[in-house]
Amino acid sequence: FDPEKFDFEEYYSNAKRTYKLYTVDLSGKVVSETEIKGLEKFEDDEEMGDMGGINEFYPCANGKIIISKYGSMGQQFIAINEDGTAGDEITVSGMSFIESMSPMDDGTIAVSGYSTTGSATKFIDGETFKETGSELKLSDIGNNGAGTLFPGNDTYKYFASSSSGVFGISEDGKSTELLNWLDSDMGDGYVSSFIPLENDDFIVWYDSYTESGDESGLYRLTKR
């Protein structure tokens, strides 16, 4: 294989990726299998085709999901219907960059990212994907990144992860640092799943960046 002589444009123009969404039960048995179709309409480079790949997906109401995708048009969030067909691209007004989306207990989806005023979280309806008009500003988290918002408990309305740790968010948007990644010997990374337990314990799916490469895993964090 000689990369200087290989025709990458020809390769990409003829390559085709197939994406499938699997539903499994608690035992790991596959319950359903659905092919995701129609993503090619979100590419503006015919020679590259659909080569960006799917990064994340977020469950919504009535069997729908939202996927995040990078391609020739940059970052995109696309609604996928229950039958696997691609719907509309989801955009949120005033946001220059979307960090993540997270379903809330009330059927809305929290969209965390950066607006003209800094880190903020807006909310969209989990069925229609239209903005609800609500916004949560997270200015007192500082420059730690917008992170991801998670449903709260009896103490906090929300939990938010950032590049420095996890914060509890009160009704008025005030943030309280609950754990710090460096103090917890977790290194530098981010959380993609977060479950609060009793006695200030947490279960997290944590992706860490190390000199030897990226490391991911499920952790139970206990307060000391």
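Starting from 1, each residue takes its place in the sequence as its number. Bear in mind the structure is a predicted one, so any value in this text is a computation, not a measurement.
Across all their heavy atoms, S100 and Y58 have their closest contact at CA-OH, 4.0 Å. Closest of all the heavy-atom pairs between G126 and F129 is O-CE2, 3.6 Å. Contact between N180 and E177 at its shortest, heavy atoms only, is ND2-OE2, 3.5 Å. Closest non-hydrogen pair, M101 versus I90, comes out as CE-CG2, 4.1 Å. Between S170 and Y156, the shortest heavy-atom distance links the atoms N-CD2, 4.4 Å. Residues P196 and F159 share a closest heavy-atom pair of CG-CE1, 3.7 Å.
Side-chain contact between F57 and I36 is absent, with no heavy atoms from C-beta onward closer than 4.5 Å. V204 places none of its side-chain heavy atoms less than 4.5 Å from the side chain of R220. Looking at heavy atoms from C-beta onward, T91 lies out of side-chain contact with F77 at the 4.5 angstrom threshold.
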Legend entry - side chain to side chain contact (heavy atoms under 4.5 Å, CB included) between I65 and L21, worked out: CA-CA 10 Å; I65 64 171; L21 178 67; 3.8 Å; yes
Inset, instruction - Report the C-alpha distance between F123 and L149 in whole Å, list the side-chain angles of each, state the deciding distance to 0.1 Å, and finish with yes or no for side chain to side chain contact (heavy atoms under 4.5 Å, CB included). - result: CA-CA 11 Å; F123 298 87; L149 205 69; 4.1 Å; yes
Inset, instruction - Decide side chain to side chain contact (heavy atoms under 4.5 Å, CB included) for V30 and T23; before the verdict, give the C-alpha distance in whole Å, the side-chain angles of both, and the deciding distance to 0.1 Å. - result: CA-CA 6 Å; V30 176; T23 303; over 6 Å; no
Inset, instruction - Evaluate the criterion side chain to side chain contact (heavy atoms under 4.5 Å, CB included) for residue pair T132 and I124; output intermediate values, then yes/no. - result: CA-CA 5 Å; T132 65; I124 59 176; 5.6 Å; no
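Hydrophobic clustering (ILVMFWY, side-chain heavy atoms < 4.5 Å, transitive): M95 and L136 are in distinct clusters. In terms of hydrophobic clustering, with Ile, Leu, Val, Met, Phe, Trp and Tyr side chains grouped at heavy-atom distances under 4.5 Å, I109 and V92 are assigned to a common cluster. Linking ILVMFWY residues whenever their side-chain heavy atoms come closer than 4.5 Å, directly or via other members, places F194 and Y219 in the same cluster. Both V166 and F150 are part of a single hydrophobic cluster, where members link through side-chain heavy atoms under 4.5 Å apart. Under the 4.5 Å side-chain heavy-atom criterion for grouping Ile, Leu, Val, Met, Phe, Trp and Tyr, I80 is not connected to I98 through any hydrophobic cluster.
Residues passing the side chain to side chain donor-acceptor pair (under 3.5 Å) test with T18, sequence neighbours excluded: none. Residues passing the side chain to side chain contact (heavy atoms under 4.5 Å, CB included) test with L218, sequence neighbours excluded: I203, W205. By the side chain to side chain donor-acceptor pair (under 3.5 Å) test, N81 is found to be paired with T85, residues two or more places apart in sequence or in another chain being considered. The side chain to side chain contact (heavy atoms under 4.5 Å, CB included) test applied to S93 returns K122, E131, not counting sequence neighbours. Among residues two or more places apart in sequence or in another chain, the side chain to side chain contact (heavy atoms under 4.5 Å, CB included) test is passed with T34 by none. For D25, the side chain to side chain contact (heavy atoms under 4.5 Å, CB included) test picks out S27, K29, V31, with sequence neighbours left out.
Taken from CH2 in W181 to OG in S161, the straight-line distance is 7.0 Å, to the nearest 0.5 Å. Rounding to the nearest 0.5 angstrom, the gap separating the SG atom in C60 from the CD atom in E82 is 12.0 Å. Expressed to the nearest 0.5 Å, how far CG of L39 lies from NZ of K69 amounts to 6.0 Å. Put simply, CD1 on I169 and OG on S175 are 3.0 Å apart, with the number rounded to the nearest 0.5 Å.
Salt-bridge check for D201 with K223: failed, with every basic side-chain N at 4.0 Å or more from each acidic carboxylate O. Ionic pairing of E35 and K20 is not present here: no N-O contact between side-chain nitrogen and carboxylate oxygen is shorter than 4.0 angstrom. Between K64 and E127, at least one side-chain N (NZ, or NE/NH1/NH2) sits under 4.0 Å from a carboxylate O, which counts as a salt bridge.
Other residues, nucleotides and ligands contribute over 12 non-hydrogen atoms within 6.0 Å of the CD atom of E33.
Listed for the T108 side chain is no donor-acceptor partner under 3.5 Å among the backbone atoms of D125.
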